[in-house]
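On a predicted model such as this, the values are computed, not experimentally measured, just so you know. In listed order, ligands and their atoms are each counted from 1.
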Amino acid sequence: MPRQNFCPLDSHAPDFFLIFLRPLHFSLLLLQSNFFISPLILWTFHSITMATDGSDPIPPHKTFDTILVLDFGSQYSHLITRRLRELNIYSEMLPCTQKLADLDWTPKGIILSGGPYSVYWDDAPHVDQAVFEIGVPILGICYGLQEIAWNFGKNVLAGEKREYGHAALKIERHGDGETGGHVDKLFAEIEDDTEVWMSHGDKLSHLPEDFITIATTKNAPFAGMAHKSKKYYGIQFHPEVTHTPKGKIVLKNFAVDICQARTDWTMGKFVDQEIERIRKLVGDKGQVIGAVSGGVDSTVAAKLMKEAIGDRFHAVLVDNGVLRQDEAKQVKETLTAGLGINLTVIDASKRFLDGLKGVTEPEKKRKFIGNTFIEVFQETAKQIAAEAHGSSAAGEIEWLLQGTLYPDVIESISFKGPSATIKTHHNVGGLPKDMNLKLIEPLRELFKDEVRELGKNLGIPEDLVWRHPFPGPGIAIRILGEVTPEQVRIAREADVIFIEEIKAAGLYRQISQAFAALLPVKAVGVMGDKRVHEQMIALRAVETTDFMTADWFPFDGAFLKKVSRRIVNEVDGVCRVVYDITSKPPGTIEME
Ligand SMILES: Nc1ncnc2c1ncn2[C@@H]1O[C@H](COP(=O)(O)OP(=O)(O)OP(=O)(O)O)[C@@H](O)[C@H]1O
Ligand SMILES: O=c1[nH]c(=O)c2[nH+]cn([C@@H]3O[C@H](COP(=O)(O)O)[C@@H](O)[C@H]3O)c2[nH]1
Ligand SMILES: NC(=O)CC[C@H](N)C(=O)O
Ligand SMILES: [Mg+2]
C-alpha cells in the first residue's frame, strides 16, 4: 500500500492537492499490488473528446493497425503496450471484460494479459466469447494462456509448485522429422534455452483439443501452445518484462508476422495526432490553463499545448519560495524565450514561507504547501480568465492541462472495469465547482522515458528534457525541521554546488536524482583556527529506473572530497557534509 505521506489528504482536502504532491512512485507502488491496470485511461480521454466538440477526431485505433491488450490485472500489462510502441505498433489496453461489440473498430490482434486470479475460481474474470469469433490472432500471456486453455477445455489447475523467476525455454519443432521440423512462427529467431521469466502458480493439466505444444521449460510442459489451424497462441512466460531478454522478438513475431500489423506508429505521429486532437477538443476560441513547474512532464505537456493552440494556453508557475536557486527565473526564460510558452510566474514565496514558519512535521509541511498551491493557482486562474474574457478574440477558459503520465494513472482504475471510479488524486473532480474546468492530459498514455523522447521531438532543450525530477513541495521536504528563508538559502547553495560538480564530472545522466538536504543539527568544526558550531548538509544521489526502489550512487572518494570542500568553504552556516548511503527501501529518495 502507498505510504501515508503520499496520500496526506483528509477527506476535505481538495484533490488537486495530490496532483501537486504526486510522486511517481506512489503510483508504481500500487502498480505492484494486484490492481487491474487499465484502460479507462484511454477510454476516459476519448470520451472527453467526443463529448465536447461533437466532431469526432479520428482516434489512433482507426488510423493505425492496433493490437488490443485485454487486461486481466497483471502488474505488467502496461508493459505490453509499451513494448509494442517500441516496435512502432500502436496498441491500446482495455479491461478484460470489454465487449467487442461495443468497439467501433477492429483490432489487428488481441493479447490477453496475465492476472492475479486463477481461471478456475468462481469469480475469475473471463473474456467476451466474441474474442474467439472475430477471426483475429490471439496471444495469451500467463493467465491469458490459461484463459484460452480454460475456454477450450477447462484444463487448468493449481500446480504443486509455484514458479517465479527465470527458466530456460526449449522450443519444440513440428512437421517433417527428416528436415528437423520447423519452429512455430511465434518463436522465429528465438533459440533453444533462451531465458524467460515466469510468475505463476497454476498450470495446464493437458493441452486443449486442437492445440500443440510449441515450447516447454523444465517446470512447464506447456510453456507455449498454438492452435493447429487458428492463430491462437499461449505462452506461460512474460515476454513483456526485461527479464525475458528476447521477449520483444516474441511480441514482434506475434504482432508483425502473425497479425500483420504495420509498424508505422511513431512519436512524431503521436505529436501530430495529439496536436490535432487538442485543436478539435478546444475549438477555435477555447482557452486552456495549466500548472507548469519547469519539470519534464509539465513542460512537455505545455509545449504540446503551445503548438496546438498558441497563446490561448496559459501556463502558471507558482514560486512557492522552496524552488531551487533561481529556478523561477530560469524556467521563465526557457519557457518564454526558448519555447514561446505564455508563462505567468506568480511570486507567492512570502505567502508560503510565512505559512511554513514553525512547521516541522513533514506531513504538515506537505499539506500546507499543497493547499496553498491550490489557493494561489485558483486565484491566478480566475484573474487570467477575467482578462481573457475581456479580450474579444478569446473564449472562456474551459480546460485545465495536466502532465499526468501513465504510471500516475494506473492505480486510478479499479479492477472492476469501466464502471470503476477514478481515484480522486488523478482527476480534478475535487477542484471547486466554480472553476468548472475540464481536464486535458496529453501524456497519460506515456512513460517518463517516452515523454523525454517526445520532449526532444518537440525541440525542448536536452538539459531540460533530462532534468532530474523535482517534487512539488520542493526544498521544504529537503530541509529537515523548520523551513526558514535562511535554511532555504543554505540548502539551495549547497544543492547548486553538488549539481554543478555532478554535471562537471559527467555523471548527471547516470544519476536518476540528486540533491543536497539540510539537517537540523549542529556539529562542531574548526575553520580558520576558530571553533564553529554549524549545520550539516546531507548529500543524496540515487540510481533508479522506477523511483520505487533506488540505490545510492557510488561516487568515488575524490569526487565527494571535492564537493564537501566546496560546500564547507562556500556555503555560510555549514561545517560538515555527509553522504546518505541508504537505499530505498528502507529509506526513501526524499528526506521527508
Ligand atoms: N511550482 C509549481 N508551479 C506550478 N505547477 C507546479 C509546481 N510544482 C508542481 N507543479 C504541478 O504539479 C505537477 C506534479 O509535479 P511533478 O514534479 O510530479 O511533475 P513535473 O514537475 O512536471 O515533472 P518532474 O517529475 O520532472 O519534476 C506538475 O506537473 C505541475 O503541473
Ligand atoms: O511531485 C511530487 N510531489 C511530492 O509530494 C513528492 N514526494 C516525492 N516525490 C518524488 O517521488 C520520487 C520518490 O520519492 P520518495 O522515495 O521520497 O518517496 C522522487 O522522485 C521524489 O522526488 C514527489 N513528487
Ligand atoms: N502471472 C499470471 O498471470 C498468473 C496467472 C495465475 N494467477 C497463476 O498463478 O498461474
Ligand atoms: Mg516537478
J.: Of the side chain and backbone of R452, name the one, both, or neither that has a heavy atom under 4.0 Å from an atom of ligand 1.
T.: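 Neither part.
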J.: State plainly whether the residues K438 and E398 are in salt-bridge range, i.e. N to O under 4.0 Å.
T.: yes
J.: Hey, is R82 close enough to D449 for a salt bridge, meaning N to O under 4.0 Å?
T.: yes
J.: Compute the shortest N/O to N/O distance between G472 and ligand 1 and return yes if it is under 3.5 Å, no if not.
T.: no
J.: Answer yes or no on whether K306 is positioned over the face of F313, meaning its NZ or CZ is under 6.0 Å from the six-membered ring centre and within 45° of the axis.
T.: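 So K306 doesn't make the cation-pi contact.
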J.: How does T299 reach ligand 1, if at all, at less than 4.0 Å between non-hydrogen atoms: by side chain, backbone, both, or neither?
T.: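 Under 4.0 Å from ligand 1, T299 contributes no heavy atoms.
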J.: Is the H78 to F447 ring centre distance short of 6.0 Å?
T.: yes
J.: Should the proximity of D319 to ligand 1, defined as any heavy atom under 4.0 Å, be assigned to the side chain, the backbone, both, or neither?
T.: neither
J.: For a 4.5 angstrom cut-off between non-hydrogen side-chain atoms, does Y117 reach P125?
T.: yes
J.: Between atom CG of L251 and atom CD1 of I111, what is the distance when rounded to the nearest 0.5 Å?
T.: 5.5 Å
J.: Between F377 and ligand 1, find which residue part has any heavy-atom pair under 4.0 Å and reply side chain, backbone, both or neither.
T.: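 No part of F377 comes within reach of ligand 1.
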J.: State plainly whether the residues K303 and E307 are in salt-bridge range, i.e. N to O under 4.0 Å.
T.: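 Salt bridge present between K303 and E307.
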J.: Check whether any N or O atom of V318, backbone or side chain, sits under 3.5 Å from an N or O atom of ligand 1, and answer yes or no.
T.: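 Yes, at least one N or O pair falls under 3.5 Å.
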J.: Considering S293, A302, A291, G290 one by one, which has a heavy atom nearer to atom 31 (O) of ligand 1 than any of the others?
T.: A291
J.: Please test D297 against K448 for salt bridge (Lys or Arg N to Asp or Glu O under 4.0 Å), starting from the C-alpha separation and ending with a verdict.
T.: CA-CA 8 Å; D297 312 342; K448 190 91 173 182; 3.1 Å; yes
J.: Does the side chain of Q402 reach to within under 4.5 Å of the side chain of L443, using non-hydrogen atoms?
T.: no
J.: With a 6.0 Å cut-off on the ring centroids, do W197 and Y76 count as close?
T.: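 Aromatic pair counts; centres sit under 6.0 Å.
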J.: Checking R478 against F515: charged group under 6.0 Å from the ring centre and within 45 degrees of the axis?
T.: yes
J.: Looking only at distances, please establish whether an N/O atom of ligand 1 is found under 3.5 Å from an N/O atom of G403.
T.: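 Between G403 and ligand 1 (N or O atoms, distance only) the closest approach is not under 3.5 Å.
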J.: If I take atom CD from residue Q510 and atom CD1 from residue I502, how far apart are they, to the nearest 0.5 angstrom?
T.: 10.5 Å
J.: Show which atoms of ligand 1 fall inside a sub-4.0 Å distance from at least one heavy-atom site of D297.
T.: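 Result: 19 (O), 22 (O), 23 (O), 25 (O).
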J.: Near V316, which atoms of ligand 1 are under 4.0 Å from a heavy atom of that residue?
T.: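 Every atom of ligand 1 under 4.0 Å from some heavy atom of V316: 4 (C).
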J.: Assess the residue pair E163 and K218 against the criterion (salt bridge (Lys or Arg N to Asp or Glu O under 4.0 Å)); give the C-alpha distance rounded to whole Å, side-chain angles, the decisive distance to 0.1 Å, and a yes or no.
T.: CA-CA 11 Å; E163 190 182 20; K218 219 164 128 209; over 6 Å; no
J.: Residues around ligand 3, heavy atom under 4.0 Å from any ligand atom, sorted by chain and number. Can you pull those?
T.: G114, G115, P116, Y117, C142, Y143, Q146, S199, H200, G201, D202, H238
J.: Using a strict cut-off of less than 4.0 Å between a Lys/Arg side-chain nitrogen and an Asp/Glu carboxylate oxygen, indicate whether E327 and R467 qualify as a salt bridge.
T.: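 Judged by the 4.0 Å cut-off on N to carboxylate O distance, E327 and R467 do form a salt bridge.
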J.: Centre-to-centre under 6.0 Å for F373 and F352, is that the case here?
T.: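 Ring-ring flag for F373/F352: false, centres at least 6.0 Å apart.
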J.: For ligand 1 and L317, I'd like to know whether there is a polar contact (N/O to N/O, distance under 3.5 Å).
T.: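 It does not: no N or O of L317 is found under 3.5 Å from an N or O of ligand 1.
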J.: Going by the order shown, which atoms of ligand 1 are within less than 4.0 Å of some heavy atom of K448?
T.: 24 (P), 25 (O), 26 (O)
J.: Between ligand 1 and R467, is the shortest N or O to N or O distance under 3.5 Å?
T.: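 Such a contact does not occur with ligand 1.
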J.: Considering non-hydrogen atoms only, spot the tightest contact between A149 and M225 and give its length.
T.: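 Looking at all heavy atoms of both residues, the shortest contact is N-CE, 4.0 Å.
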J.: By residue and atom, what protein N/O/S atoms are less than 2.8 Å from the Mg ion (ligand 4)?
T.: F470 O
